[in-house]
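In the text below, chain A, chain B and the rest are named by the order of the sequence lines, each starting its count at 1. Just so we're clear, the structure is a prediction, and the values are computed from it rather than from any experiment.
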2 protein chains.
Amino acid sequence: MRVTIKDIAATAGVSATTVSRILNSQSKKYRISEKTANIVRKTAKELNYRPNQMARSLRLKRTHSIGLVVPDIANPFFAQVTKSIQTQAYKFGYSTIVCNTDDQHQLEKDQIDLLISKGVDGLIVMPVGIEYKHLESIRGEGIHLVLMDRVFDDVAFPSVVVDNYAGAHEAVSYLIGKGHRRIGIIQGIANTSTNKERARGYKDALRRHGLEIDNNLISGNDYTRENGYIETKLLLSQNDPVTAIFTTSDLITIGALEAIFEENLNIPEDISIVSFDDIEIAPFLVAPLTAVHQPKRLMGEMAVKMLLEYLEGNEENPTKKIVLKPNLIERASVSERIPVTS
Amino acid sequence: MRVTIKDIAATAGVSATTVSRILNSQSKKYRISEKTANIVRKTAKELNYRPNQMARSLRLKRTHSIGLVVPDIANPFFAQVTKSIQTQAYKFGYSTIVCNTDDQHQLEKDQIDLLISKGVDGLIVMPVGIEYKHLESIRGEGIHLVLMDRVFDDVAFPSVVVDNYAGAHEAVSYLIGKGHRRIGIIQGIANTSTNKERARGYKDALRRHGLEIDNNLISGNDYTRENGYIETKLLLSQNDPVTAIFTTSDLITIGALEAIFEENLNIPEDISIVSFDDIEIAPFLVAPLTAVHQPKRLMGEMAVKMLLEYLEGNEENPTKKIVLKPNLIERASVSERIPVTS
DNA sequence: TATTTCTGCACAACCGATTGAGCATTCAAA
DNA sequence: TTTGAATGCTCAATCGGTTGTGCAGAAATA
């Protein structure tokens, strides 16, 4: 049997109340003598006492844990954000329960329910991103959550995101600046905010430079390597193929690399790529990626800070939004082209 | 206020006991009429009841959550294992609380204490790996834990590991078979089981092929990219430099790649590499890595299965050990050499 | 000496679930 | 009609903490 506060009380010859107060540093407040306090602390140590957080949480209605809902922990982008969140939360005395949704809406709902059942004080969610009714109902119950990475157009949640539009715009403008005219895009999950913004950035950049938007060059529907592979294969097999691709995630890019090398093409000589995310390994890929860098650690830290401010009641604004600026990192996956006027 | 079992009892006009029994599918056992059961189930749904797991766990002494202690979630190897564990655990109705130790012993101890306080039913630990007193004392308290990846020589815990010796032996033998004679090794954290075994495999492979062990070629002390970078720089600057390096983790390898390209050397023409782990991205690095593949998903699944068997009392053997075979995946980071007889 | 004020601690309720024991009522058997 | 067994449900204790209130005895004041 694990040692409880009662065991300490018994061996120290005081009441459980007293033990509790001493161990919670409330001896002064409740006028408990230093002598008694010392005895209790000593026996607690001797018995190797470990407070039962379940009992504590039940009474206090605080678990000091947060739920983290993430599409895919094995994706390096999410892995890095997760680490940042976990580390930051721990610093403030919170532990993190991690759930994986595999970008499945139902799983997301189930996992969130589970987390709430477990009594998490709040949630950081990187949602699948198409539906949000469940999130609204949760907020309706007074449970704090902050969204990360993906948000929703028609409803405001507290959130930490990157300016995906600006990032994409910069990426595509960069390609245009390098002389590329036929630029493809491989999109992520349709209807997610990240994807919509990145696609919008892509189109606006083209338009701004007087280029036409060719729907044949707009492809893809998932942030996965598989999607990157397939769509690149297709893009490369077109009549007037692209000279550059804007891939909307590093995982997509990896699939693209696979396809490109399979076709015996070289990067950046035959085909240029600008990617999104800029995971740690991006510089060390076959083609060191020129990529839009997302400040993953910062994002995680801000999300935690924001959530904790809500939890501690220091944040008034119920839908605070933080938009971080991404920045383009130039490496070696883009070549200069002499534009061919068609 | 969140809706409790009492609320349901009140609106349904029955006792809390009855509600509890119905919602736990014990209506038959306790002879509760279908009529009552239906009413209760209906009102539970209507009130959007979510059981309070803390209360439940307090009473049942089961939280249905497991603690996962991992050195670095952002390391793709651990990220993949973590995902596998999380997914598998969820399948069996367990959630996973993830803690990061950054390979710091004190953090590991603290995090484990915290997890136990939170009432996890069991632990899967990838320990820093040098000290194990805290793990023994935990086991002494009757808390189940299974070790992964790293284990200890002089004390037996239930564990899931890979045959690091065999993997290393195969890797180095492969290099020798390709004609390499001056083969360096960049080690991970000293005194960890993984590192000791891999180093032993390295040495035995050399010896077996009649090669001398040159201590100048044995370097490194951490599974990080930084260590890979530094040690490779040093290896390359020796008088009679290596023609091949056995890097004991993919993260080390990435640092090595950095150093090698900085020196304007090519892989595999100038220098060959065999790595360890074989993370998902390994095929897409500047040099597609020939690497010892660890079955990450399998490892995670087995660890979960094993832990759950202990938890459910189906496993008698208190120190069951599972050793999985790694296998060498050939890609393009090793070249053939004509051995120079010195 | 009587009264008030501290000092130091304990009682008991509570958080939200689970569970062994028990209590009416109904129905069948004797 | 009485006894016994089902039937259908409730009581109250429990898990391990936390907390408002209260109660002695000692010290201070009158």
Side-chain angles (χ1 to χ4, degrees), chain A residues 1-41 43-44 47-65 114 116-121 141, chain B residues 1-41 43-44 47-65 114 116-121 141:
Chain A
M1 186 60 82
R2 284 248 285 279
V3 23
T4 75
I5 220 169
K6 277 176 198 160
D7 300 325
I8 301 178
T11 72
V14 293
S15 74
T17 304
T18 302
V19 174
S20 170
R21 292 193 164 130
I22 291 168
L23 297 184
N24 288 303
S25 316
Q26 300 191 309
S27 5
K28 262 122 256 172
K29 188 173 161 197
Y30 288 98
R31 303 181 311 248
I32 292 165
S33 68
E34 256 318 292
K35 195 182 144 214
T36 309
N38 283 329
I39 294 175
V40 167
R41 277 191 279 262
T43 63
L47 296 178
N48 195 22
Y49 171 67
R50 247 198 227 95
N52 182 324
Q53 296 294 342
M54 289 173 280
R56 210 150 185 274
S57 301
L58 181 58
R59 182 68 227 249
L60 299 179
K61 293 170 176 299
R62 266 340 256 303
T63 54
H64 281 270
S65 53
L114 182 69
I116 295 174
S117 254
K118 295 241 171 194
V120 294
D121 296 337
E141 295 184 48
Chain B
M1 188 60 80
R2 285 245 285 280
V3 23
T4 74
I5 220 169
K6 279 180 199 158
D7 300 325
I8 300 178
T11 72
V14 294
S15 74
T17 302
T18 302
V19 175
S20 169
R21 292 195 165 127
I22 292 169
L23 297 184
N24 287 301
S25 317
Q26 301 192 307
S27 4
K28 259 122 261 171
K29 189 174 163 197
Y30 288 99
R31 305 181 309 247
I32 293 165
S33 69
E34 256 317 292
K35 194 180 141 215
T36 310
N38 283 328
I39 295 175
V40 167
R41 277 191 280 262
T43 62
L47 297 177
N48 195 22
Y49 171 69
R50 247 199 225 97
N52 182 324
Q53 293 296 343
M54 288 172 281
R56 205 146 191 277
S57 301
L58 181 58
R59 183 68 228 247
L60 298 179
K61 295 174 175 301
R62 263 346 252 303
T63 54
H64 280 272
S65 54
L114 182 68
I116 295 174
S117 257
K118 296 242 170 191
V120 294
D121 295 338
E141 295 184 48

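- Here C:dT18 presents its C1' atom at 14 Å from CD1 of B:Ile8, a figure rounded to the nearest Å.
- The shortest distance between the side-chain N/O atoms of B:Thr36 and the OP1/OP2 oxygens of D:dG8 is not below 4.0 Å.
- The base of C:dG20 sits within donor-acceptor range of the side chain of B:Arg21, with an N or O pair under 3.5 Å.
- Using a 4.0 Å heavy-atom criterion, one finds that A:Ser57 contacts no nucleic acid atom at all.
- Taking every side-chain heavy atom of A:Tyr30 into account, D:dG20 is the closest of D:dC9, D:dG20, D:dG16.
- Along DNA chain D, the nucleotide nearest A:Val3 and the nucleotide nearest B:Val14 are compared for position; the residue whose nucleotide lies closer to the 5' end is B:Val14.
- Between the CD1 atom of B:Ile32 and the P atom of C:dA24 there is a distance of 19 Å, given to the nearest Å.
- Separating the CZ atom of B:Arg59 from the P atom of C:dC14 is a distance of 19 Å, rounded to the nearest angstrom.
- B:Arg2 places its CZ atom 9 Å from the P atom of C:dA17, with the value rounded to the nearest Å.
- Donor-acceptor pairing under 3.5 Å, judged by distance alone, is absent between the side chain of A:Thr4 and the base of D:dC15.
- Listed candidates were C:dT18, D:dG16, C:dA10. Nearest to the side chain of A:Ala55 is D:dG16.
- Nucleotide D:dT21 holds its P atom 12 Å from the NZ atom of A:Lys29, rounded to whole Å.
- Atom CG in B:Leu60 sits about 15 Å away from atom C1' in D:dA13, given to the nearest Å.
- Residue B:Ser20 places no side-chain N or O under 4.0 Å from the OP1 or OP2 atom of C:dA17.
- Side-chain N/O atoms of A:Thr18 include one lying less than 4.0 angstrom from OP1 or OP2 on C:dA10.
- Remark: P of C:dA17 and CE of B:Met54 are 9 Å apart, rounded to the nearest angstrom.
- Side-chain proximity of B:Leu58 to the nucleotides D:dG16, C:dC9, C:dT18 is greatest for D:dG16.
- Distances shorter than 4.0 Å separate none of the side-chain N or O atoms of B:Asn52 from OP1 or OP2 on C:dC15.
- As judged by a 4.0 angstrom heavy-atom cut-off over every strand, A:Thr17 is placed among the base-contacting residues.
- Heavy atoms of B:Arg56 sit under 4.0 angstrom from primed sugar atoms or phosphate atoms, though from no base atom.
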Which is it for A:Val19 and A:Tyr49 under the side chain to side chain contact (heavy atoms under 4.5 Å, CB included) test, yes or no, and what are the steps along the way? CA-CA 11 Å; A:Val19 174; A:Tyr49 171 67; over 6 Å; no

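- Of the possible donor and acceptor atoms, none in the side chain of A:Thr18 sits under 3.5 Å from a partner among the backbone N and O of A:Val14.
- Interatomic distance, CD of B:Glu34 versus CD1 of B:Ile39, reported as 11.0 Å (0.5 Å rounding).
- For the pair A:Ile22 CD1 and C:dA10 P, the computed distance is 9 Å after rounding to whole Å.
- Considering only the side chain of A:Ile5, D:dT18 comes nearest among C:dT19, D:dT18, D:dT10.
- Of the side-chain N and O atoms in B:Lys35, none sit less than 4.0 angstrom from OP1 or OP2 of D:dG8.
- By the 4.5 Å heavy-atom criterion applied to side chains, A:Ser27 and A:Arg21 are not counted as neighbours.
- Across B:Ala12 and B:Val40, no two heavy atoms sit closer than the pair CB-CG2, 4.2 Å.
- In this model, the phosphate group of C:dC9 is not approached by any side-chain N or O of A:Ser15 to a distance below 4.0 Å at OP1 or OP2.
- At least one side-chain heavy atom of B:Arg56 sits less than 4.5 Å from a side-chain heavy atom of B:Asn24.
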